[in-house]
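Basis for what follows: all heavy atoms, side chains included, without hydrogens, waters or symmetry-related copies.
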Amino acid sequence: MQTITVILPAYNEKDYIQDCLQSVSFANQVILIDSFSTDTTVEIAEKFNCEILQRKFDNFSNQKNEAIKHATSDWILFIDADERVTQKLKFEILETINNPKHDAYKIKFPHFYMNRFLYHTENKVVRLVKNSNIHFEGQVHEKLMHPGTVGLLQNFMIHYTYKGLFHYIKKKDSYAWFQAKMAKDKNKSANYFHLVFKPFYRFFHTYIIRRGFMDGVPGLAVASIDAYGVFSRYVKMILIDKGLK
């Protein structure tokens with residue numbers, strides 16, 4: 001039987017952490033990599049059979065890479081505190097790791113927005129991977145680097161992305177700063193053309209190409225905020241270029 005480690009980064013997730021940990025109780029090892037939470041996240045996690053590591057946050061990749069060093073299982077599943085492994089996904093994961101056809105697997109993540117799941121606005125992200133020669137790169141929207149082929153699991157991961165409109169916008173702004181600084185480090189620059197074309201294309205891609213329009217008003221809202229996130233990134237790149245930030 002193959003074994004599996006769950007790696008869970010967290011910071012001030014007291015409202016979400018318990019349900020998340022309950023959903024991954026099937027794992028052989030659970031590692032919580034905590035960024036020195038100031039709420040009761042750690043206290044809640046201590047009630048579960050998990051290993052707790054604490055590390056000052058610098059970027060998303062470094063947090064997960066530190067946790068990978070402590071993973072002892074054959075496979076690793078990466079999960080966030082606002083995500084849940086359903087029973088169907090659990091059984092699919094266990095069946096997959098014991099009869100693998102690939103070295104890594106993407107999982108489907110429908111957006112949760114305005115109290116409903118948007119199945120036409122979903123992401124597919126590599127989250128299940130063999131524990132061999134893997135690491136993350138990038139400060140935000142980090143990419144899992146791994147050898148071998150990639151498959152796709154059929155069952156969804158529940159992801160409670162929406163915690164309120166202002167939280168969602170604040171999250172987009174926070175990511176935009178990381179992305180702008182990464183672009184600066186790569187000597188990329190932005191101009192006012194980017195401020196118009198790039199957000200428009202993101203809206204078009206989310207709402208039309210990915211069929212967000214089939215999710216009604218919530219789909220329209222997600223596409224609009226996605227476009228805002230892109231706009232925010234290029235504004236911040238221009239501010240950095242001008243030495244204003």
Engineer: Is F136 close to K143 at the side-chain level, that is, under 4.5 Å between some pair of heavy atoms?
Structural biologist: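 When only atoms from C-beta onward are counted, F136 and K143 do not touch, as no gap falls below 4.5 Å.
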Engineer: With the 4.5 Å side-chain cut-off for hydrophobic clustering, are I17 and V6 part of the same group?
Structural biologist: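 Yes; tracing contacts between hydrophobic side chains, which count when under 4.5 Å, links both residues.
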Engineer: Would the distance check show the side chain of D39 and the main-chain N or O of K14 forming a donor-acceptor pair, the cut-off being under 3.5 Å?
Structural biologist: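 Checked: pair present.
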Engineer: Side-chain donor-acceptor pair under 3.5 Å between T86 and K90, yes or no?
Structural biologist: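 No, no side-chain donor-acceptor pair sits under 3.5 Å.
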Engineer: Side chains of N28 and S73 only: does a donor on one sit below 3.5 Å from an acceptor on the other?
Structural biologist: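 No donor-acceptor contact under 3.5 Å links the two side chains.
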Engineer: Do V150 and K106 make a side-chain contact, defined as non-hydrogen atoms from C-beta onward lying under 4.5 Å apart?
Structural biologist: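 The answer is yes; the side chains approach within 4.5 Å.
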Engineer: Does anything in residues 79-107 form a ring pair (Phe, Tyr, Trp, His ring centres under 6.0 Å)? List the pairs, not counting sequence neighbours.
Structural biologist: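 Output for this query lists H102-Y105.
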Engineer: For V85, does its backbone N or O pair with a side-chain atom of S23 as donor and acceptor, under 3.5 Å?
Structural biologist: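 Between the backbone of V85 and the side chain of S23 there is a qualifying donor-acceptor contact (under 3.5 Å).
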Engineer: Less than 6.0 Å separating the ring centroids of Y192 and Y234?
Structural biologist: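 Aromatic pair excluded; centres sit 6.0 Å or further apart.
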Engineer: Taking the side chain as every heavy atom from C-beta outward, state whether V230 and D226 have any atom pair closer than 4.5 Å.
Structural biologist: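 They are not in contact (no side-chain heavy atoms under 4.5 Å apart), so the answer is no.
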Engineer: Answer with yes or no whether the side chains of T5 and Q29 bring together a donor and an acceptor at under 3.5 Å.
Structural biologist: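 Per modelled atom types, Q29 and T5 side chains form a pair under 3.5 Å.
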Engineer: State, to 0.1 Å, how close C20 and A81 come at their nearest heavy-atom pair, and which atoms those are.
Structural biologist: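 Nearest pair, atom of C20 first, then A81: CB-O, 3.4 Å.
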Engineer: Could you tell me which non-hydrogen atom of S35 sits nearest to which non-hydrogen atom of Y11, and how far apart they are?
Structural biologist: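 So the minimum-distance heavy-atom pair works out to O-CD1, 3.3 Å.
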Engineer: Are L8 and F48 connected, step by step, through hydrophobic side chains (Ile, Leu, Val, Met, Phe, Trp, Tyr) whose heavy atoms are closer than 4.5 Å?
Structural biologist: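 Yes, L8 connects to F48 through the hydrophobic network.
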Engineer: Keeping the roles fixed (side chain from T206, backbone from F203), state whether a donor-acceptor pair exists under 3.5 Å.
Structural biologist: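 Flag not set: sc T206 to bb F203 has no pair under 3.5 Å.
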Engineer: Could you check M157 against R84 for side-chain contact (heavy atoms from CB on, under 4.5 Å), going step by step and ending with a plain yes or no?
Structural biologist: CA-CA 6 Å; M157 177 87 78; R84 310 285 180 266; 5.8 Å; no
Engineer: Look at the side-chain heavy atoms of Ile, Leu, Val, Met, Phe, Trp and Tyr, link any pair under 4.5 Å apart, and say whether F26 and L153 land in one connected group.
Structural biologist: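 F26 clusters together with L153.
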Engineer: Using distance alone, with no hydrogens and no angle criterion, decide if N12 and T38 have a side-chain donor and acceptor under 3.5 Å apart.
Structural biologist: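 Yes, because at least one side-chain N or O of N12 sits under 3.5 Å from a partner of the opposite role on T38.
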Engineer: Quick one: does any side-chain atom of N98 pair with a main-chain N or O of Q2 as donor and acceptor, under 3.5 Å?
Structural biologist: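 Flag set: sc N98 to bb Q2 pair under 3.5 Å.
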Engineer: Is there a side-chain contact between C50 and I52 (heavy atoms, below 4.5 Å)?
Structural biologist: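 Sidechains of I52 and C50: in contact.
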Engineer: Would you check, one step at a time, whether the test salt bridge (charged side-chain N to carboxylate O under 4.0 Å, His left out) holds for E83 with R127?
Structural biologist: CA-CA 12 Å; E83 298 169 354; R127 289 293 191 87; 2.8 Å; yes
Engineer: Tell me which one of V24, I7, L21 satisfies side chain to side chain contact (heavy atoms under 4.5 Å, CB included) with I79.
Structural biologist: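 Checked V24, I7, L21 against I79; only one passes side chain to side chain contact (heavy atoms under 4.5 Å, CB included): V24.
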Engineer: Do Q154 and E92 have side-chain N/O donor and acceptor atoms under 3.5 Å apart?
Structural biologist: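 There is no such pair between these side chains.
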Engineer: Any chain of hydrophobic side-chain contacts (each under 4.5 Å) joining I76 to I93?
Structural biologist: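 No, I76 does not connect to I93 through the hydrophobic network.
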Engineer: For the residue pair A45 and L32, what are the closest heavy atoms and their distance?
Structural biologist: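 In this case the closest contact between A45 and L32 is CB-CD2, 3.6 Å.
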Engineer: Are M145 and I134 joined in one hydrophobic group, where the rule is that I, L, V, M, F, W and Y side chains link up if heavy atoms are under 4.5 Å apart?
Structural biologist: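 No: no chain of side-chain contacts under 4.5 Å links M145 to I134.
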Engineer: Has D58 got more than 12 heavy atoms of other residues, nucleotides or ligands less than 6.0 Å from its CG?
Structural biologist: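 For D58, atom CG is crowded (more than 12 foreign heavy atoms under 6.0 Å).
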Engineer: Just wondering, do N62 and R55 contact through their side chains at under 4.5 Å, heavy atoms?
Structural biologist: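 Yes, at least one pair of side-chain atoms sits under 4.5 Å.
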Engineer: Parallel, tilted or perpendicular: which describes the rings of H205 and Y201, with under 30° parallel and over 60° perpendicular?
Structural biologist: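 The arrangement is tilted - the two ring planes meet at 30° to 60°.
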Engineer: When you measure from the side chain of N123 to the backbone N and O of F109, does any donor-acceptor pair fall under 3.5 Å?
Structural biologist: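 Not at all, since once roles are kept as given, no pair shorter than 3.5 Å links the two residues.
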Engineer: For K124, give me all partners under salt bridge (Lys or Arg N to Asp or Glu O under 4.0 Å), at least two apart in sequence or on another chain.
Structural biologist: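 Only E122 meet the salt bridge (Lys or Arg N to Asp or Glu O under 4.0 Å) criterion with K124.
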Engineer: Side chains of P147 and D103: does their closest heavy-atom pair fall under 4.5 Å?
Structural biologist: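 Answer no - side chains too far apart.
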Engineer: Side chains of Q63 and N59: any donor to acceptor distance under 3.5 Å?
Structural biologist: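 The answer is no; no qualifying pair exists.
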